Amino acid sequence: MSEMTDNPLSLLIDLERCIGCKSCEAACKQSNALGPHTYRNRVMWYGEEEKEAEPFLPSILDFLTVTCQQCERPACLRACPVTPKAISKDPETGVVQINEDRCTGCGECAVACPYGAIGYNAEKHHAVKCDLCAHRRAEGDGPACASVCPTTAIQFGHRDEHLAKAEEEGRTVLDTDHFLQKPATVYFTRQDEKDRSATAVPKLMADDRVRKNLNADSLHGTYDKPTREKAEEAPATKHKGGCNICFNACPITYELRDGQITNIYGTKEDPIFKGRICPKSQMTLQMYNNPDRLLKPLKRVGERGSGTFKEISWQQALDEIASKLIELREEFGAESLAIQAGTRTGMLNIMGAVPMFADLWGTPNVAATEPFCDLGKVVSLELTQGSTMLANVYTPEDIGSAQMYVYIGDNQAETRPVNFGLVNNWRLENKAKMVVVDPRQTVTATKADTWLPIRPGTDMALGLAMIHHILSNGLEDKRFCDTWMAGFTEWRDFIFAKGYDADWAAKITDISADMIRSLAEEIATVDGCMIFLSRGINQHVNSAQTNRTYLFLAAITGNYGRPGGGYFNVTSEPDWKSPVIPENRKPARRPAISKNPAAWVEAMLGEDRYPIKALITGNNPMGQWPDLNKARRAVKALDLVVHMDLFRNATSDHADYVLPMASGIEKGGTSRFAEDRRIVWNDKLVDPPGEARSDHWFWIELGKRMGFEDVLEERFKDPRVLWDEVLRPNTPALNGISTERLLAQPSRWMRMPVKNEGDVPPDTLYQEGTTAFEAPEGHRFPTPSGKLEFFNDALEQRFAEMGLSALPEFYTEKASAHLAPTLQYGEDEVVSSFFHTDAFVKPGALVEAQAPVASEFDMELVTGRPPAPHFHSWTHYFWQAQEMWPQMYCQIHPKKADSLGVADGDHVTVRTANGALTVRAWRYSGIRENAIFIPIGWDEQQPYHPSEPLNQLVGLALDPISQQPNLKLHMCTVKKA
């Protein structure tokens with residue numbers, strides 16, 4: 001063997017930054033054209049032996065990227081029996097490579113490798129392993145895994161550079177050379193002072209701690225071949241755009257060859273994200289040539305629910321849908337049509353084509369997914385600061401300058417990995433503190449200094465107690481309170497009068513009074529605290545009041561309208577204004593049955609003020625609505641159901657017509673709007689498959705059959721025209737953000753608000769000395785008073801109509817009725833004043849805490865998003881997402897599992913008052929002992945690992961103020977199946 005380099009190329013893998021998102025796996029497969037069950041790297045979830053979780057010191061879960069160590073004395077090379085050998089080591093770089101043409105697939109190298117880093121390509125019968133992306137290095141680039149890593153947990157360079165970095169930052173390098181191979185890869189341990197489990201990495205590389213029962217189920221069915229092989233020699237063109245799946249709206253670069261999408265990368269030139277993307281963005285590559293895509297319009301020919309359809313033309317589908325709608329309008333009124341446009345349909349439809357059609361038709365029963373996601377936040381922001389636009393932005397000068405990050409009901413590491421990567425890096429660089437409040441130790445909590453396993457539904461009590469402690473001890477920002485808060489005195493006096501102190505909250509939240517006081521003091525005294533909230537706060541019947549409580553907490557501590565301090569709750573919206581429709585074209589209409597689509601079911605069953613007889617939906621309500629069993633009965637009772645989507649799902653079998661739709665770059669349009677007010681534009685780059693069409697094309701064509709073509713114009717089928725001439729002019733915050741200006745940006749994004757074409761997009765909003773967007777001169781906030789408004793007579797009157805008070809009286813879910821007041825709904829409905837369109841709402845009255853009632857339902861069912869590779873039902877059609885996280889599961893505490901005789905991977909049946917579901921068990925110490933967690937997103941129609949949907953366990957109870965449903969807490973019983 002020739003002399004080898006003393007400073008080989010290598011990867012640095014930082015366990016303090018890794019969040020187990022598997023973006024590196026996705027990048028590796030994409031870059032190297034690897035199919036199912038073929039790996040060059042893998043990310044393992046692991047922990048120490050099961051032990052009691054220690055709140056306040058997260059240590060249950062860690063992650064390990066297993067890849068080739070590029071050893072100086074590679075065992076694989078020595079073991080290779082082929083002559084000449086199929087494995088070689090580059091003397092200049094130190095990289096170990098496999099010559100796949102020579103490899104016989106004998107497996108000797110895989111057996112010899114002590115790190116488990118050799119994979120196998122069963123289709124071509126040869127071994128595979130990481131060579132640090134030799135083809136990318138030849139083009140002057142680095143390994144794909146390092147280029148996309150959302151948290152910079154993987155970095156590429158030379159071994160000496162990594163070791164010098166460790167010394168400079170005071171980091172400990174893990175000793176992985178127990179096998180005397182002299183590996184080049186460098187692992188940084190978790191932060192030393194936290195005594196993390198990462199010290200056990202060498203033992204864990206043996207694969208005995210990987211949760212194989214959750215990660216290694218075999219795929220079945222067909223899947224698309226890796227596309228890099230299809231057109232590798234064709235010239236490539238690259239186009240900037242954005243991911244249109246989630247609220248991160250990451251800038252991405254699409255690579256096209258011969259008219260096909262062959263790669264999806266992060267945009268390296270972006271000044272903030274620098275090419276970092278999560279696995280979902282990359283795996284949309286598997287959407288554009290997916291064999292399960294809907295290709296032609298389908299018409300039901302069997303009984304509803306039978307799933308039997310025949311192909312028809314678009315003309316027949318549109319003519320028949322229009323004819324049936326007109327028939328139903330004549331008999332039952334225009335309001336008998338309900339429309340739910342899911343976020344998949346895009347902002348051009350949600351705020352453009354759909355409301356235009358609905359206004360012209362005359363139905364108020366229109367919704368997107370906002371009533372399930374964040375309407376509690378939207379209402380609270382409008383009431384308090386007069387705008388739905390969040391203040392802070394992801395820059396080093398703003399969010400990056402915070403000295404503390406508090407996450408409450410927000411698992412950002414898995415839901416928005418790239419944003420969390422920014423925050424986590426700033427945390428490490430600035431030695432900032434991180435606290436996570438959540439019933440389970442989420443991936444976000446694994447990076448925190450403190451994890452507080454709160455009782456679900458009691459976050460408002462925690463906020464009130466922290467406010468009480470701050471005000472009792474004079475820790476508030478007095479000048480801000482006196483100058484910029486309307487209703488401060490009323491809230492303060494009310495909280496004191498009610499006795500909402502830490503001792504009161506401790507019994508309700510299951511967090512010690514001392515810990516509550518300590519957290520309150522830290523938030524009040526640190527120089528800048530970012531408070532992140534999300535679905536864990538929003539999806540409760542106290543949604544609006546809980547959001548208002550944390551807005552108040554941010555305000556009294558001076559963490560409002562300043563860099564490095566603020567309130568965040570995805571996403572940020574631009575104070576939408578409805579498209580302008582001539583008044584003489586708008587039919588008179590009754591108020592909506594409800595702001596929340598799940599509450600339409602009574603009208604669908606003919607048991608409300610007026611009937612709903614038809615549903616057109618662009619998402620998967622029959623997999624996602626709460627009280628799902630009743631919802632399915634209601635939808636089956638309708639006279640017309642039209643389902644528009646990319647794939648068949650649970651809703652399709654309930655439909656009369658299933659229509660094939662385009663997505664993302666098949667139609668063009670904006671991304672979803674990011675929490676830091678970014679808007680990313682995608683041009684149409686490829687044709688949709690088969691006869692798929694954009695959603696706005698459908699509404700314009702349907703409108704023609706109703707005589708709406710003079711308003712819902714043909715030219716609006718062009719997404720640029722629809723944005724520039726309909727959405728943008730009607731919403732002042734968007735008026736200066738034309739498609740021309742978006743396309744001129746290096747990464748195709750801009751931040752709102754921008755009123756005029758030449759205006760500079762702002763960074764942090766609502767800073768002292770500034771005038772808020774569209775507000776009178778000197779108004780720091782766009783409210784009537786120019787202050788944050790928490791209480792006044794007008795607010796109190798509006799809340800009183802809902803049976804509540806504008807003062808923060810605590811109440812929670814019925815599951816905790818023995819601890820605190822709960823809601824009791826009245827029989828009579830009123831028209832709510834909290835929405836921009838009229839909708840009926842059932843007011844609630846508070847019922848004092850009741851004595852506990854014996855019940856078989858003795859455990860807390862907590863729901864939420866699955867790990868980072870999945871997003872609702874979209875990703876369940878991507879073979880690689882299924883390979884990463886195939887089956888529906890529940891996390892259950894080992895003590896509870898032991899009492900039930902449940903081992904890892906056993907099936908358990910979870911039952912609530914609403915239904916039952918059988919899932920696989922994941923024993924996990926990082927969860928409340930009397931709680932289980934089950935993720936959303938699965939349904940019976942998915943091609944790989946179908947499952948009955950979670951929401952058949954979930955009942956329907958709504959926040960009277962925001963109409964958000966309780967999705968987060970139901971009592972259940974668990975038994976071994």
Side-chain angles (χ1 to χ4, degrees), residues 54-59 191 193-194 391-392 398-410 412-413 420 423-438 441-442 444-454 458-481 492 495 500-506 508-534 536-537 546 549-569:
E54 296 180 43
F56 327 136
L57 184 63
S59 60
Q191 297 278 39
E193 68 271 20
K194 295 178 184 174
N392 302 87
D398 189 347
I399 294 176
S401 68
Q403 289 302 299
M404 188 174 186
Y405 302 98
V406 178
Y407 289 91
I408 305 177
D410 183 1
Q412 191 184 40
F420 182 76
V423 171
N424 197 43
N425 280 333
W426 289 324
R427 170 184 76 91
L428 295 170
E429 291 169 3
N430 301 330
K431 296 182 171 53
K433 185 163 187 178
M434 183 180 290
V435 176
V436 172
V437 180
D438 202 286
Q441 186 187 346
T442 61
T444 307
T446 66
K447 304 305 180 190
D449 300 275
T450 303
W451 163 51
L452 302 178
I454 194 170
T458 66
D459 306 274
M460 182 180 173
L462 172 64
L464 290 170
M466 289 195 290
I467 292 167
H468 187 288
H469 184 73
I470 290 166
L471 297 178
S472 297
N473 291 275
L475 300 176
E476 72 274 19
D477 183 331
K478 292 181 175 59
R479 193 174 74 84
F480 190 96
C481 296
R492 180 197 62 195
I495 290 170
Y500 288 152
D501 61 11
D503 293 312
W504 162 81
I508 295 171
T509 62
D510 232 6
I511 299 172
S512 74
D514 285 344
M515 184 55 68
I516 294 172
R517 286 187 280 263
S518 174
L519 179 58
E521 290 174 12
E522 288 183 293
I523 292 173
T525 57
V526 75
D527 183 14
C529 176
M530 286 298 305
I531 301 173
F532 291 87
L533 311 179
S534 190
I537 298 296
T546 304
T549 296
Y550 282 99
L551 284 164
F552 192 87
L553 176 64
I556 66 170
T557 54
N559 287 298
Y560 217 114
R562 58 155 290 182
Y567 154 101
F568 242 39
N569 189 330

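One-based numbering along the sequence shown. From a predicted model like this one, the values you see are computed outputs, not experimental measurements.
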TODO: Under the ring-ring contact (aromatic ring centres under 6.0 Å, His included) rule, collect the residues that match up with Y550, sequence neighbours excluded.
DONE: none
TODO: List for me each residue that meets ring-ring contact (aromatic ring centres under 6.0 Å, His included) alongside W426, sequence neighbours excluded, and say none if there are none.
DONE: none
Restricting to non-hydrogen atoms, name the atom on [X] and the atom on [Y] that form the minimum distance, rounded to 0.1 Å.
X    : Y    : answer
G566 : M530 : N-SD, 3.3 Å
D477 : G558 : OD2-CA, 3.7 Å
A402 : G564 : CB-O, 3.3 Å
L475 : E521 : CD1-CG, 3.8 Å
D438 : W451 : O-NE1, 3.0 Å
V436 : A448 : CG2-CB, 3.8 Å

Any side-chain heavy atom of [X] sitting closer than 4.5 Å to one from [Y]?
X    : Y    : value
N424 : Y405 : no
Y407 : T442 : no
R427 : K447 : yes
I470 : L553 : yes
T546 : L533 : no
V435 : M515 : no
I537 : I408 : yes
L462 : T458 : no

TODO: From the options V437, I516, D510, select the one residue that forms a side-chain contact (heavy atoms from CB on, under 4.5 Å) with L452.
DONE: V437
Just jot down the salt bridge (charged side-chain N to carboxylate O under 4.0 Å, His left out) partners of [X], sequence neighbours excluded, or say none.
X    : result
D459 : none
D398 : none
R562 : D527

Open item on the list: The criterion is side chain to side chain contact (heavy atoms under 4.5 Å, CB included); which residues satisfy it with A513, sequence neighbours excluded?
Closed with: A502, D503, A506, R517
[atom1]-[atom2] distance between [X] and [Y], expressed to the nearest 0.5 angstrom:
X    : Y    : atom1 : atom2 : value
H468 : D501 : NE2   : CG    : 5.0 Å
Y500 : M460 : OH    : CE    : 6.5 Å
L464 : W504 : CG    : CH2   : 5.0 Å
I523 : T557 : CD1   : OG1   : 7.0 Å
K433 : T450 : NZ    : OG1   : 4.0 Å
I511 : S518 : CD1   : OG    : 12.0 Å

- [ ] Could you note down all residue pairs passing salt bridge (Lys or Arg N to Asp or Glu O under 4.0 Å) where residues 464-473 supplies at least one of them, sequence neighbours left out?
- [x] none
Residues that [X] engages under side-chain hydrogen bond (donor to acceptor under 3.5 Å, both in side chains), provided they are two or more places apart:
X    : answer
Y567 : N547
N425 : R17, T152
N473 : H469
T509 : none

Task: Exam field: side chain D410 to backbone N569, donor-acceptor pair closer than 3.5 Å - done: no
